A.B. asks: 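The following block contains the structure, expressed as structure tokens.
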Amino acid sequence: MDSAEAKSMSENSGSVVVPCVKELAKQPLKEVPERYLRTDLDLHHTFSSPHQQIPIIDMSKLLCPEFHASELNKFDFACKEWGFFQQTEALTELLSKLKVSKEVTSRVNEMEENNDQEGDSSKRLEGVHVRQGMSKGDIVRDMELESHEGTVSVKTLEEARVQEDGIINEVGNFLGDMEEGTREGIASVKTLEGPRVEEDGTITEVGADGKGAGEGVLGDILNLIPIVDDVQKVNGKEGVRTEIRRVVTWKRLARGDGIGGVGTVIEKSGPKRKSSGGDGASTNIWQDPWVPGLGQHVLDRFLRQDEEVKWVGDLINEQSEWRWDCMRRLFPEDVVQRISRIHLDTRHGEDCWSWSGNPKGFVTVKLCYNRVMEAGWRDVELVKDSAGWVREGFWKRIWKLSLMPKYKSFIWRVCLDILPSCVALNERGMEIDDMCLWCGRERESSYHVLVECNKVREVWERSRFDFGDCRYFRSVLEWLNVEGEDWAQDQWCLMIIAMYLIWEGRNSCRFKNENVNFSHLWCRAASLWDEVGNVQELEVECNMRQQVVRWEKPAAPFCKLNTDAGTLPNEGGILGGVVCDQHGVCLAAFTEFTNFSNDPILLEAEAIKRGMELALEAGVKDLVIEGDAQLVFNMLTNMENAAMSPFYLICNCILNLINMFSNFRFSWVPRTCNKLINHGVDVSLVENVKKGVTEFFNLPMDEKNKFWQNAEDGQGFGQQFVYSKEQKLEWADIKNLNNYCVELRKLAIKMIELVGEALKIEPTEMKKLGEEGWQSMRMNYYPPCPQAEKVIGLSPHSDICMLTILLQVNEMEGLQINKEGKWVPISPLPNAFVINIGDSLEIVSNGIYRSVEHRATVNSQKERMSIATFYSAKQERNIGPSPSLVTPQTPPLFKTIRVSEYRRRFFSRQLSGKSLLDSIRIQN
Ligand SMILES: O=C(O)CCC(=O)C(=O)O
Ligand SMILES: [Fe+2]
């Protein structure tokens, strides 16, 4: 009998102690012991809900006056409808408080220390170091990370070239982007084709007509970011200049002539910087801009040019001091003074390049951008007089929206009224018929075609937003300025996407004679916006986990169906699907043309239906469908409320087909997943927390035994809720902790107060309830199980506390919540907590908020871990419906009960859904 089993024979705190599941899982099991098989539960039909349905609350919005009201609404809805939500925010700080082992603590500290070092300018690199073979994007990131005793040198010419081109490309790219809008937006700017490179290597601007560009605004902007053009100086070799490949592009133009402009972007730092202390051996006294504040002009300031003294190193003696005699011979006193301010270090390193545009010497695209913006845009009048007045912060707001740049630049053009609408083209001298194609009654200005036209109004009417009355405005800019003031971020984004689609529709109507489906347009916009959100979430998620998003084989016994559909330009579409087994072997596949519809949503549903039929034909019994067809997934989970339509009919067929499989799952994935492939960053804090938890559960049994549950309070390692030798067991180990986390307590108290605010409960009542509450924690460890589909990690239950703050530690799915009788898996989001409403809050809210019934499933291949922090009301008090919510119309739904008594009852029975709460419900 091993020690775990020996423990199982004794009883403590009412619960029979059971074997450690992790130890069990270590044995080569084909089948798990009978006691773990759960035929009593339906583990086979789950509905994965598209991300956008699962409520996500942003704590920072809740705390920000501007967004508080709208976020509180969402919060209220989530508590009522779901009894649960995920809460996002940059929770790194909180997570770090959840350190579960010394190892984790020291690692976290190590990381924090490193961060501090990066912030410390004295230790920060002065120069720019670029590795060979780096791509443009890398440069900006890596430059800030590499450091070599405070000095980083550019080693070779090749590297130097990568360096400058990299930087210039970044700046140039952004200028290239800017050009598009500018060309139309700023009348006074001539279109610049590119610079002319003269024989001697200097660059002259060239206008589109081949003549000089003159004083165009853009020309001025470009002149503000000159960059030293002479790579010769990097290592002092001659003749390098001719080796530089000259590409006549905007990027080159961005370089300007480089010397003596408003700010020299790259300077040879030589020995001039305090902590860099180069040896001066490769800095040319007469050619390099090495004297602070003088740049290139040191050349004009000598008293005598001494051919013998060429390198700055020649001005430094053996003791690393300036050779004052020599300096005074060459330079006037003020220059000598300037040079004397350069700190010399006895630890000589090589000279390096740094950027004078930034006090710390490094270059980022953002800094270059700001430099350009600062100086260049100040005097530019972007908005034509006629376009109207612009609220402060208006443009910033647009550029800060979390939307793809194409949407932002589109709305920018719309606001400047530079979209080539018929009215605009007429104004520019093109004589065309400018009647609106859709209504035929008004002239087609961009405002008319995007906002005001009767046809387009249908789109706006379908939105769930109040857009105000658009009739009284003259331009989109005016409309956005007046009405947009009250819109939340998602309204802005959705609306811009919708306008973008309208404009696309207008173009295909005008140029390809295609009809626009106005009634679907809003739906398409909403689904694009959801995708933006999903992709962002996923991006963060992948960053956090160094995860590569790719197709995964289904876990046994499932086969996986992936389908897709596309519309054809004129009519009909193409459907396709593949069914693969657990080894990734393709069992069946199809592609077919169909004339059945041209509607992408119908086609997607049809593809799923066809795929399911095919899977049945191929003899598949257990099927998981993976796809991005959000609307289909929504419909399938919400058929009761849906109206009869062709779409409804296909979904109904799909539901019938589901019954023909033994096991069936939907798994929804965002469409743009593949964008994120190979996206990885450093090991994150969550990884460390995970490590700590894993380490604990990986301890040898003898060690874990030291933490075995103690009889008084059930603290420690083991299982709970087991009261008889016959009772079915869960496939999990747990460890209860007395750990206490101040931050989580604060979070819980804040949330309880918010519940009070949303329900309009007397504020002091909730404050008291929160502040006298207490906290406990549980770590759950679910080992992989060879028969994962037949066991349960944690049986269905609701938590008895007020709130549970749950961290899904690793990337494994497993948590499922019961939503109207259907089990919905909750994918872990990085840096997010899952918040469950517990029974106590259901009682206090008199049933307005619902505690969420949830369970945890396990996986056949991988372990899963979670940490739950329960926040409960004080043991010694009674809990019952809040007096503020009990009225003659809304009598109390629950009996009042002592918290300790409710808890005692919870821990002296098996977990079984919400039956404990039901037992104190008042039957009417
Ligand atoms: O592991 C999970 O995701 C759920 C844990 C849980 O519900 C609990 O510990 O009460
Ligand atoms: Fe729970």
Side-chain angles (χ1 to χ4, degrees), residues 15 21-22 41 43 46 48 54 82-87 98 100 686 689-690 693-694 696-697 709 714-722 730-739 741 744 748 775-785 788 791-819 823-830 832-842 850-859 862-872 902-903 906-907 909-917:
S15 176
V21 180
K22 175 145 191 164
L41 301 172
L43 290 163
T46 58
S48 100
I54 296 192
W82 292 75
F84 126 99
F85 53 88
Q86 305 222 50
Q87 191 218 49
L98 285 173
V100 277
V686 176
V689 174
K690 170 187 160 187
V693 182
T694 322
F696 173 79
F697 284 106
Q709 283 173 355
Q715 293 294 317
F717 175 69
Q719 255 198 18
Q720 276 178 312
F721 313 108
V722 185
E730 286 154 350
W731 193 262
D733 293 327
I734 57 172
K735 183 184 181 219
N736 288 327
L737 298 162
N738 261 337
N739 289 24
C741 175
L744 287 184
Q775 202 181 52
S776 59
M777 264 189 190
R778 183 159 76 200
M779 283 156 45
N780 301 297
Y781 177 83
Y782 311 93
C785 177
V791 304
I792 189 90
L794 194 56
S795 304
H797 68 283
S798 55
D799 300 331
I800 52 167
C801 53
M802 296 193 278
L803 287 172
T804 307
I805 303 176
L806 183 84
L807 175 67
Q808 308 206 63
V809 178
N810 59 353
E811 64 272 24
M812 293 309 300
E813 270 198 2
L815 175 66
Q816 298 186 345
I817 64 159
N818 188 339
K819 174 95 170 92
W823 286 103
V824 181
I826 305 300
S827 303
L829 286 180
F833 284 126
V834 169
I835 314 279
N836 291 341
I837 301 288
D839 290 353
S840 301
L841 272 189
E842 174 157 355
R850 296 213 225 129
S851 66
V852 61
E853 186 182 353
H854 54 287
R855 65 183 189 184
T857 58
V858 304
N859 185 274
K862 289 189 191 145
E863 61 194 10
R864 175 172 178 268
M865 280 160 283
S866 66
I867 304 176
T869 304
F870 307 103
Y871 199 74
S872 311
Y902 195 66
R903 188 176 151 79
F906 181 68
F907 284 108
R909 47 190 276 156
Q910 294 182 37
L911 288 179
S912 122
K914 292 181 68 170
S915 59
L916 180 63
L917 184 67

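Remember, it's 1-based here, ligands and their atoms both numbered in the order they're listed. Heavy atoms only: backbone and side chains are in, while hydrogens, waters and symmetry mates are out. Along the sequence shown, residues are numbered consecutively beginning with 1. Please read all numbers here as calculations on a predicted model, not as lab measurements.
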A.B. asks: Does the side chain of Tyr781 come under 3.5 Å of the side chain of Glu863 through a donor N or O and an acceptor N or O?
C.D. replies: yes
A.B. asks: What's the shortest distance from atom 8 (C) of ligand 1 to any protein heavy atom, and which residue and atom give it?
C.D. replies: Arg778 NH2, 3.1 Å
A.B. asks: Can you list the ligand 1 atoms lying under 4.0 Å from a non-hydrogen atom of Ala868?
C.D. replies: 9 (O)
A.B. asks: Under 4.0 Å, heavy atoms only, figure out whether ligand 1 is touched by the backbone of Leu806, its side chain, both or neither.
C.D. replies: side chain
A.B. asks: Let me know which of Leu794, Ile867, Thr804, Leu806 forms a side-chain contact (heavy atoms from CB on, under 4.5 Å) with Arg778.
C.D. replies: Leu794
A.B. asks: What does the angle at the Fe ion (ligand 2) come to, between atom NE2 of His854 and atom NE2 of His797, rounded to 10°?
C.D. replies: 90°
A.B. asks: Verify side-chain contact (heavy atoms from CB on, under 4.5 Å) between Leu815 and Val834, making sure each step is shown before the conclusion.
C.D. replies: CA-CA 10 Å; Leu815 175 66; Val834 169; 4.0 Å; yes
A.B. asks: To which protein heavy atom is atom 5 (C) of ligand 1 closest, and what is the distance rounded to 0.1 Å?
C.D. replies: Asn780 ND2, 3.4 Å
A.B. asks: As a quick check of understanding, evaluate salt bridge (Lys or Arg N to Asp or Glu O under 4.0 Å) for Lys914 and Glu842, giving each step before the final call.
C.D. replies: CA-CA 11 Å; Lys914 292 181 68 170; Glu842 174 157 355; 2.8 Å; yes
A.B. asks: Would you say Met865 touches ligand 1, if touching means a heavy atom closer than 4.0 Å?
C.D. replies: no
A.B. asks: Of all the atoms in ligand 1, which lie at a distance below 4.0 Å from a heavy atom belonging to Tyr782?
C.D. replies: 1 (O), 2 (C), 4 (C), 5 (C)
A.B. asks: So which bit of Val834 gets within less than 4.0 Å of ligand 1, heavy atoms only: side chain, backbone, both or neither?
C.D. replies: neither
A.B. asks: Check whether any N or O atom of Asn836, backbone or side chain, sits under 3.5 Å from an N or O atom of ligand 1, and answer yes or no.
C.D. replies: no
A.B. asks: Tell me whether the guanidinium CZ or amine NZ of Arg855 lies under 6.0 angstrom from the six-membered ring centre of Trp823 and within 45° of its axis.
C.D. replies: yes
A.B. asks: CG of Asp839 to CZ of Arg903: how many Å apart, nearest 0.5 Å?
C.D. replies: 13.0 Å
A.B. asks: About how many Å separate CG of Asn836 and CE of Met802, when rounded to the nearest 0.5 Å?
C.D. replies: 14.5 Å
A.B. asks: Restricting to N, O or S atoms of Asp799, which is nearest to the Fe ion (ligand 2)?
C.D. replies: OD1
A.B. asks: Among all protein heavy atoms in this structure, tell me which lies nearest to atom 6 (C) of ligand 1, with the distance rounded to 0.1 Å.
C.D. replies: Leu794 CD2, 3.3 Å
A.B. asks: NE2/His797 to OG/Ser851 distance, rounded to the nearest 0.5 angstrom?
C.D. replies: 10.0 Å
A.B. asks: Among all protein heavy atoms, pick out the one at the shortest distance from atom 3 (O) of ligand 1; state its residue, atom name and that distance to 0.1 Å.
C.D. replies: Arg864 NH2, 2.8 Å
